[in-house]
Amino acid sequence: MAGGDEEMETDSSQTDPVTKKIDEEWKPLKTKLRRAIKTLHDKEDDEEEEGGNNGKIPENETSESVIKQINDLITEEKYEDAVTLTWALLDVFPQIPVFVGGNSQDEEGEEEPDLKSLEKTLEYLYKIFSESQKPNLVLSEQQQPADDLVVNEISKQQIVVQYLKDSLLFATQIQKAVPMICQLLGSKSITDVLEAVEFFITGFEFGLGIMMMGIRRMLPLIWSRESGIKEAVVGAYKRLYLSPADSNQRSKSLTIVKNLSALVDGATMGDLTSLEGLIVEFVKSEELDQSVIQMLWERFTMKVPNTTQQDSRAALMLLSMAAGANAKIVQSNVEILVKEGLGSRATKDFILAKDTCITLLKLGLDKKAKGAVAKKPYRLPEDHEMFTRLSELLIDNVADEKNNHWIALAEQAVKVIYKLSEHPDVICGNIIKAIADKLIQIGKLETTILSAAGDSQPMEDTSSTTEVTILLTRLVSIAGSIAFSQMIHVDNSVLGELKRRRAVQEEKKKKPSKKQDKSRIESEAIEDELGLAGAAAEDAEVEYIRRICEQEIVTGNNLLGILGPLLVTICQNQTKYSSPQLRTAATMAMSKFMMVSSTFCEDNLQLLFTILEKSSNPVIRANTIIALGDLTFRFPNLIEPWTAHIYGRLRDTSTHVRKNTMQILTHLILNDMVKVKGQISEMAMCIVDDDERISGLAKLFFSELSKKGNAVYNIMPDVISRLSDPDIGVDEENFRTIMKYLFSFIQKDKQCESLVEKLCHRFRATTTDRQWRDLSFCLSMLSYSIKGLRKLQENFTCFGDKLADDDVYGMFCQIMSKSKSFAKPEMKALLDELEQRIELCHQKGLEEEEIAHKASQASDQAADTQKLKKKGGKTGKTPAKGLKKSKRRQVDSDSDEEFKENRTPAPRRGARQKPQPKLSFSSDEESDIEMFDMDKSSQETNSQVEAESEESDDPLSPKKTNNRRRTGKRHLHKLSLSPVK
């Protein structure tokens with residue numbers, strides 16, 4: 001029956017979900033009820049069965065109420081009571097549906113089953129339980145569709161929320177990882193760089209905005225010397241920016257232009273330089289075809305719909321970059337550049353005009369082939385529309401106070417004029433005259449020039465004064481640019497043209513006519529072979545150009561020569577010319593004038609360095625240090641005596657000034673324009689600068705310097721000496737940080753051995769405990785071979801008396817332990833001997849320190865007692881007269897008793913004294929002497945100390961000397977102690 005019941009449940013569960021749920025809840029109850037039924041059957045076997053309901057069911061109860069009670073008992077887990085109540089219900093109400101359905105015979109129909117058997121009771125309980133649970137389950141089943149919808153919607157939302165949480169976590173981790181992966185782009189391992197490039201490409205393709213940081217950081221890798229890295233970077237940008245999915249050629253070109261314009265937007269000067277190198281590679285490989293170039297021109301002229309001013313400027317910059325590989329891109333469209341870039345749009349947008357000038361400078365960049373005659377330079381007549389528009393833009397807007405880009409445009413415009421005009425000096429001269437006329441028209445220029453020397457009162461803040469300041473600022477600024485460009489024009493263009501013409505003439509001479517004399521041809525051929533004719537002509541040309549630069553550009557009776565004194569006056573009178581913009585422009589203009597002529601440079605060099613040190617404006621100091629770097633390349637002999645002042649700016653309060661100084665000195669030293677002297681320690685101090693950029697530049701400098709032979713090794717003694725000087729002001733922690741970095745470049749055994757000897761000898765010149773610790777720390781930074789240890793032992797006397805200091809002793813212990821860790825067998829004996837000497841000197845030094853301390857206490861006590869007796873003695877008598885010798889009393893050196901006062905008899909005049917004993921510890925340096933007034937009883941103590949010291953065989957034991965010192969009319973015994981702490 002049980003099996004049939006299970007089959008019935010199984011069959012019904014396959015079709016009825018309500019029954020299935022009832023069966024699931026019944027399974028755990030069935031086991032517990034089966035156990036309860038068996039327990040009750042066992043009890044009935046021992047007792048006689050009584051008839052009736054045995055009072056279990058009251059007469060007023062109905063079958064429905066009893067069934068409810070049975071369900072409650074099952075719920076309360078009172079299973080035996082539920083079974084007993086079920087049997088009682090069967091006895092009282094045998095005809096209820098619960099029992100009627102269960103009184104049928106079994107499948108075989110053999111006999112009537114026991115109604116209170118285990119299986120029948122479980123069947124009754126199952127029916128009672130199922131009938132009570134079914135209504136609730138049916139009701140919930142009817143509500144299930146709506147509930148399922150709610151549950152499904154909640155589940156979906158939970159999945160979405162979890163997905164968003166995971167996405168946020170992933171994005172956060174990526175954001176943290178990007179800066180670290182950016183650092184891998186500078187790794188020395190090619191694999192690291194390539195993997196980082198691939199990471200940024202993949203992230204960018206998935207639309208992660210943070211990847212733009214890495215995409216921009218990849219740009220400088222275009223200059224990598226590793227061909228694999230350069231190819232990977234070029235391929236990466238080609239994949240990201242030059243491979244759109246558009247099928248139409250025009251739309252594809254437009255997409256490429258937009259992609260590259262987005263890369264230009266927000267780029268720094270360094271990024272733009274690297275991007276130009278990338279565009280040049282694309283043009284050379286024809287990745288940027290003619291359709292893209294045409295789209296750039298259309299976008300520049302704003303013929304493409306929805307093009308903004310910023311988009312137009314970006315297209316112009318890309319055209320300028322492309323022209324670096326092919327100048328014909330610009331040369332064939334000069335009129336468009338002048339019309340659009342220098343036309344009506346330029347009047348309101350000086351940035352566009354400046355970018356147009358930068359693009360025009362790409363003209364005439366054709367390099368001559370090796371061994372061939374240079375091509376004729378690309379020049380335009382001085383009345384060309386380009387120069388006319390540039391002159392009008394500069395002159396008409398010179399007084400526009402709101403235009404902050406006038407000086408930047410003027411600088412680029414002057415370069416364009418000198419690059420492309422046949423007579424640039426005439427055009428620029430007219431511009432200067434026109435600006436000066438505007439000053440004269442408001443009646444201020446003559447007054448300014450005449451009163452500059454004597455009048456030092458500040459200019460009043462009026463509208464006319466402001467206009468004069470603006471005009472004067474822009475006048476001196478463009479004058480400096482013109483002077484510098486004139487020098488380059490004469491030195492490069494004019495000299496280059498002379499050489500080109502001479503080369504053309506020589507080419508013609510190589511094809512002699514039949515009428516020329518044969519002997520003349522042979523003599524000219526000999527001169528050409530020896531190089532005499534060409535060398536002499538070239539020297540004459542160079543000397544001619546040098547004389548022009550020296551005498552005819554910024555000095556003498558010419559336009560720029562007249563403006564030179566004005567620049568000097570403005571720089572000298574900072575009180576009168578208080579405008580920061582004017583003083584900045586005047587300083588830069590004067591620096592450019594100094595670049596032209598050595599005479600003008602020498603006359604005003606002191607003024608320039610005064611401005612560098614005394615100017616309160618950090619921008620002026622930062623600009624001046626850059627100008628001095630250029631002047632050092634131009635006139636190294638003039639700047640060399642002032643080099644220390646350049647190094648001094650490494651201690652400037654302005655971070656910008658320090659950074660510029662660090663960069664300038666790095667270029668000068670690595671290019672051998674400045675000799676590496678003791679001031680190099682100032683650059684070493686920058687290793688611990690608070691600004692990370694300056695610290696990084698300093699480390700990069702020494703890293704590059706280490707590649708120049710023994711450069712770092714040669715400067716180490718001077719750097720150590722200067723940085724350990726108490727007057728320099730480097731604290732001990734920073735000193736050690738600097739030395740750790742510098743000693744990482746000392747790798748050769750010979751360098752280490754030589755430095756060991758030099759550092760040991762430095763101990764003799766030290767005067768403070770700090771210097772001992774610094775030198776011992778430097779010794780601990782070296783690696784020691786057996787020769788290095790022998791050098792240390794040979795110079796032991798230089799530092800042996802310093803081992804009393806615990807820090808010094810600790811450093812030498814580090815040297816011993818580090819050497820033992822990888823010592824060879826032949827080194828161990830030397831190490832043991834050296835270690836014993838170090839330990840012995842350390843202990844000896846501690847004893848000497850104790851003796852010196854007690855001697856000092858005795859001296860102080862004697863001096864105090866003598867002062868007291870002087871106050872209480874008789875007047876009119878010398879202290880030496882009438883005194884009897886006091887008894888001597890021996891004083892134990894280890895005793896804590898104090899010295900008592902005893903007067904020393906004064907020697908007779910003219911009588912020769914016996915030399916007094918002097919106690920001194922041998923040392924290799926001149927140390928400070930401590931003077932003590934000692935009486936006869938204290939002399940005896942000194943004798944005992946000397947006697948004890950003579951018994952020692954240690955080389956640092958005290959030695960007797962016969963020196964004496966006369967102080968006034970009294971003779972003092974002196975005790976010389978090595979300075980120990």
Q: For residues 388-409, pull every pair meeting ring-ring contact (aromatic ring centres under 6.0 Å, His included), keeping only residues two or more places apart or in separate chains.
A: none
Q. Taking side chain as C-beta onward, heavy atoms only, is L638 less than 4.5 Å from S598?
A. yes
Q.
Can you list everything that forms a side chain to side chain donor-acceptor pair (under 3.5 Å) with R621? Sequence neighbours excluded, please.
A. D652
Q. Taking only residues at least two apart or on different chains, which pairs with a member in residues 474-495 satisfy ring-ring contact (aromatic ring centres under 6.0 Å, His included)?
A. Y418-H489
Q. Under 3.5 Å, is there a donor-acceptor pair linking the side chains of E401 and T466?
A. no
Q: Please check if the side chain of S597 supplies one atom and the backbone of T599 the other of a donor-acceptor pair under 3.5 Å.
A: yes
Q: Provide the full list of ring-ring contact (aromatic ring centres under 6.0 Å, His included) pairs with a residue in residues 591-637, sequence neighbours left out, each pair given once.
A: F593-F600, F609-W642, F609-H645
For residues 664-671, run the donor-acceptor check on the side chains, cut-off 3.5 Å, and write out each pair with its distance to 0.1 Å, sequence neighbours left out.
unit_1, atom_1, unit_2, atom_2, d
T666, OG1, M662, O, 2.7
N671, ND2, H667, O, 2.6

Q) Would you call D672-K708 a salt bridge at under 4.0 Å N-O? A) yes
Q.
Using only atom types and a distance under 3.5 Å, with no angle test, would you say the side chain of S493 pairs donor to acceptor with the backbone of V490?
A. no
Q) What residues, two or more places apart in sequence or in another chain, satisfy ring-ring contact (aromatic ring centres under 6.0 Å, His included) together with F387? A) none
**Q.** S578 side-chain N/O to Q574 backbone N/O, donor-acceptor pair under 3.5 Å
**A.** no
Q.
Using side-chain heavy atoms (C-beta onward) and a distance below 4.5 Å, is L394 in contact with V398?
A. no
Q) Does the N558 side chain pair with the main chain of G561, one donor and one acceptor, at a distance under 3.5 Å? A) yes
Q | Polar contact flag, side-chain donor to acceptor under 3.5 angstrom, T388-E392 | A | no
Q.
Run the salt bridge (charged side-chain N to carboxylate O under 4.0 Å, His left out) test on R547 and E552 for me, step by step, so that the C-alpha distance in whole Å, both residues' side-chain angles and the decisive distance to 0.1 Å come before the verdict.
A. CA-CA 8 Å; R547 184 175 57 81; E552 299 183 16; 3.5 Å; yes
Q: Using modelled atom types only, decide if a donor and an acceptor are shared between the side chain of T584 and the backbone of P580 within a distance under 3.5 Å.
A: yes
Q. Do the side chain of S744 and the main chain of Y741 share a donor and acceptor less than 3.5 angstrom apart?
A. yes
Solution key, residues 719-726 side-chain donor-acceptor pairs under 3.5 Å, sequence neighbours excluded:
unit_1, atom_1, unit_2, atom_2, d
S721, OG, R762, NH1, 3.2
R722, NE, G678, O, 3.1
R722, NE, S681, OG, 3.1
S724, OG, I720, O, 2.7
S724, OG, S721, O, 3.2
D725, OD1, D727, N, 3.1

Q) Mind checking whether L390 and C357 have side chains closer than 4.5 Å, heavy atoms only? A) yes
Q: Could you tell me whether E732 and R736 make a salt bridge, using a distance below 4.0 angstrom between a side-chain N and a carboxylate O?
A: yes
Q: Starting from the C-alpha separation in whole Å, work towards a yes-or-no answer on side chain to side chain contact (heavy atoms under 4.5 Å, CB included) for L608 and S591.
A: CA-CA 8 Å; L608 190 64; S591 301; 3.7 Å; yes
Q: Kindly say whether K419 contributes a backbone atom to a donor-acceptor pair with the side chain of R379 at under 3.5 angstrom?
A: yes
(Q) Measuring only between side-chain heavy atoms, which start at C-beta, is V676 closer than 4.5 Å to N714? (A) no
Q: With sequence neighbours excluded, tell me which residues meet ring-ring contact (aromatic ring centres under 6.0 Å, His included) with F701.
A: none
Q: Among residues two or more places apart or on two chains, list those pairs meeting ring-ring contact (aromatic ring centres under 6.0 Å, His included) that have a residue in residues 705-724.
A: none
Q) So, do S695 and K699 sit near enough that their side-chain heavy atoms are less than 4.5 Å apart? A) yes
Q.
Quick check: do I427 and S391 have side-chain heavy atoms less than 4.5 Å from each other?
A. yes
Q: Flag the pair V542 / I545 as yes when at least one side-chain heavy-atom distance between them is below 4.5 Å, and no otherwise.
A: no
Q | Main-chain N/O of T768 paired with Q771 side-chain donor or acceptor, under 3.5 Å | A | yes
Q. Is it true that K362 and E276 have a side-chain N and a carboxylate O under 4.0 angstrom from each other?
A. yes
(Q) Quick check: closest heavy atoms across I715 and F702, and the distance to 0.1 Å? (A) CD1-CE2, 3.9 Å
Q: Show your reasoning for whether side chain to side chain donor-acceptor pair (under 3.5 Å) applies to T268 and D271.
A: CA-CA 5 Å; T268 63; D271 293 340; 3.2 Å; yes
Q.
E422: which residues meet the salt bridge (charged side-chain N to carboxylate O under 4.0 Å, His left out) condition with it, sequence neighbours left out?
A. none
Q | From CA spacing to verdict: side chain to side chain contact (heavy atoms under 4.5 Å, CB included), L471, V468 | A | CA-CA 5 Å; L471 288 172; V468 168; 5.8 Å; no
Q.
Please check this pair: side chain of T555 against backbone of E550, looking for a donor-acceptor N/O pair closer than 3.5 Å.
A. yes
Q: With sequence neighbours left out, write down each residue that passes salt bridge (charged side-chain N to carboxylate O under 4.0 Å, His left out) with R770, or none if nothing qualifies.
A: D774
Just list the side-chain donor-acceptor pairs under 3.5 Å for residues 684-693, sequence neighbours left out, or say none.
unit_1, atom_1, unit_2, atom_2, d
D689, OD1, R658, NH2, 3.2
D689, OD1, D691, N, 2.8
D689, OD2, R658, NE, 3.0
D691, OD1, R693, N, 2.9
D691, OD1, R693, NE, 3.3
D691, OD1, I694, N, 3.4

Q: Answer whether the closest heavy-atom distance between the side chains of I482 and D425 falls below 4.5 Å.
A: no
Q. Where do M590 and L607 land on the side chain to side chain contact (heavy atoms under 4.5 Å, CB included) test, with the steps shown first?
A. CA-CA 10 Å; M590 187 179 72; L607 173 60; 3.8 Å; yes
Q.
So which atom in L560 and which in I553 form the shortest heavy-atom distance, rounded to 0.1 Å?
A. CB-O, 3.2 Å
Q. More than 12 heavy atoms of other residues, nucleotides or ligands under 6.0 Å from CD of E602: is that the case?
A. no
Q: For D491 and L495, work out which heavy atoms get closest and say how close.
A: O-CB, 3.2 Å
**Q.** Least distance between heavy atoms, T661 atom then I646 atom
**A.** CG2-O, 3.3 Å
Q: Over all heavy atoms of both residues, which pair between S477 and I407 is shortest? Give the atoms and the distance, please.
A: OG-CG2, 3.1 Å
Q: Could you tell me whether the side chains of D731 and N734 share a donor-acceptor contact shorter than 3.5 Å?
A: yes
Q.
Between N573 (side chain only) and T575 (backbone N and O only), is there a donor and an acceptor less than 3.5 Å apart?
A. no
Q) Which heavy atom in V414 sits nearest to a heavy atom in S481, and how many Å separate them? A) CG1-O, 3.9 Å
Q. Please walk me through it: do I470 and R474 pass side chain to side chain contact (heavy atoms under 4.5 Å, CB included)?
A. CA-CA 6 Å; I470 294 172; R474 294 176 177 179; 3.8 Å; yes
